[in-house]
Amino acid sequence: MTTIASQVLKQHLTGTMPVIMGILNVTPDSFSDGGEYDCIDMGVQRALEMQAEGASIIDIGGESTRPGALPVNTEQEIERVVPVIEAIRQQSDIPISIDTSKPEVMRAAVLAGANLVNDVNALRAEGAVACCVELGVPVCLMHMQGEPRTMQQNPEYVDVVSDVRDFLIQRAQTCMDAGIAQSQILLDPGFGFGKTLAHNLQLVARLDELCRLDFPVLIGLSRKSMFGAILDRPVDDRLIGSVVAAVVAYGKGARWFRVHDVAETSDALRVCVAIDQA
Ligand code: 9MG
């Protein structure tokens, strides 16, 4: 079924304007103290707030992918994300992405109203590619070395940029061979996912090498530990580092930005666009 949200998403995928993806985590620690309904309500309020601040899509996740995070079972993940997706859908036509690696969660989320699958595992789980073909939704394929529990234990590459690029090209090809159109695929280098600070910096510095491929590039740098390492700041004091990195990434060709701080990132990117159009 073609909905307003999926039509709007199609325009974002083919356009050249920056697309801000607002992060909405619905893990138990995201909205402390609230009961079940408070969590849904607070999730909806935050989604609408991010839309008003300039987000073009809301990314909803029910399982933490932070280094060291423990896995969540499929039923729990569905119980966390589906009610929030349904509640946002009752109030807004904003496109929604589901941040998951599990085909069952992808299916439940899309049936509830999600329009894009954002998979940090690049659809490598059994049945994930077939599930997205069947659902007919666009996908974001992210590079990760290892798995969240252990990925920061001594990651190694021959050349991080070429290794990430080759992996993403190979995953995109697998998806296209299975029937996902090229225009439905976003690529993401996966900052912080099995990467040292030096790897992350190389990936930003040479992001143009990924942006030259025939796919839009999404970056998720917001509040990540690389800013903690460079600036020696805690996670809630990394706004300026995150916004500067988004601006640099824009200059190198990235157009999709997965962020916590929507209003500030939106202002910065609007300035970038105005300068580009001068
Ligand atoms: C879920 N998630 C956490 N970090 C991410 C990143 O950098 N990119 C994408 N696509 N998803 C992410």
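Numbering of ligands and ligand atoms starts at 1, following listing order. Count residues from 1 along the sequence.
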Exercise. How long is the span from the CZ atom in Phe215 to the CG atom in Leu210, to the nearest 0.5 Å?
Worked result: 11.5 Å
For this session: Check whether any side-chain N or O of Arg233 sits under 3.5 Å from a backbone N or O of Phe227 as a donor-acceptor pair, and report yes or no.
Result: no
Exercise. With no hydrogens and no angle check, is any side-chain donor or acceptor of Asp261 less than 3.5 Å from a backbone partner on Glu264?
Worked result: no
Under 3.5 Å, sequence neighbours excluded: what are the donor-acceptor pairs made by side chains of residues 184-196?
unit_1: Asp188; atom_1: OD1; unit_2: Gly190; atom_2: N; d: 2.8
unit_1: Lys195; atom_1: NZ; unit_2: His143; atom_2: O; d: 3.3
unit_1: Lys195; atom_1: NZ; unit_2: His143; atom_2: ND1; d: 2.8
unit_1: Lys195; atom_1: NZ; unit_2: Pro189; atom_2: O; d: 2.9
unit_1: Lys195; atom_1: NZ; unit_2: Gly190; atom_2: O; d: 2.8
unit_1: Lys195; atom_1: NZ; unit_2: Phe193; atom_2: O; d: 3.1
unit_1: Thr196; atom_1: OG1; unit_2: Ala198; atom_2: N; d: 3.4
unit_1: Thr196; atom_1: OG1; unit_2: His199; atom_2: N; d: 3.1
unit_1: Thr196; atom_1: OG1; unit_2: His199; atom_2: ND1; d: 3.0

For this session: Start with the C-alpha distance between His12 and Ile57, add both sets of side-chain angles, then the distance that settles side chain to side chain contact (heavy atoms under 4.5 Å, CB included), and finish with yes or no.
Result: CA-CA 9 Å; His12 290 322; Ile57 179 165; 5.7 Å; no
Exercise. If you measure from the Lys or Arg side-chain nitrogens to the Asp or Glu carboxylate oxygens, is any gap between Arg46 and Glu49 under 4.0 Å?
Worked result: yes
For this session: Mind jotting down which protein residues get a heavy-atom contact under 4.0 Å with ligand 1? Chain and number order, please.
Result: Thr65, Asp99, Asn118, Val120, Cys140, Met142, Asp188, Phe193, Leu218, Gly220, Lys224, Arg258
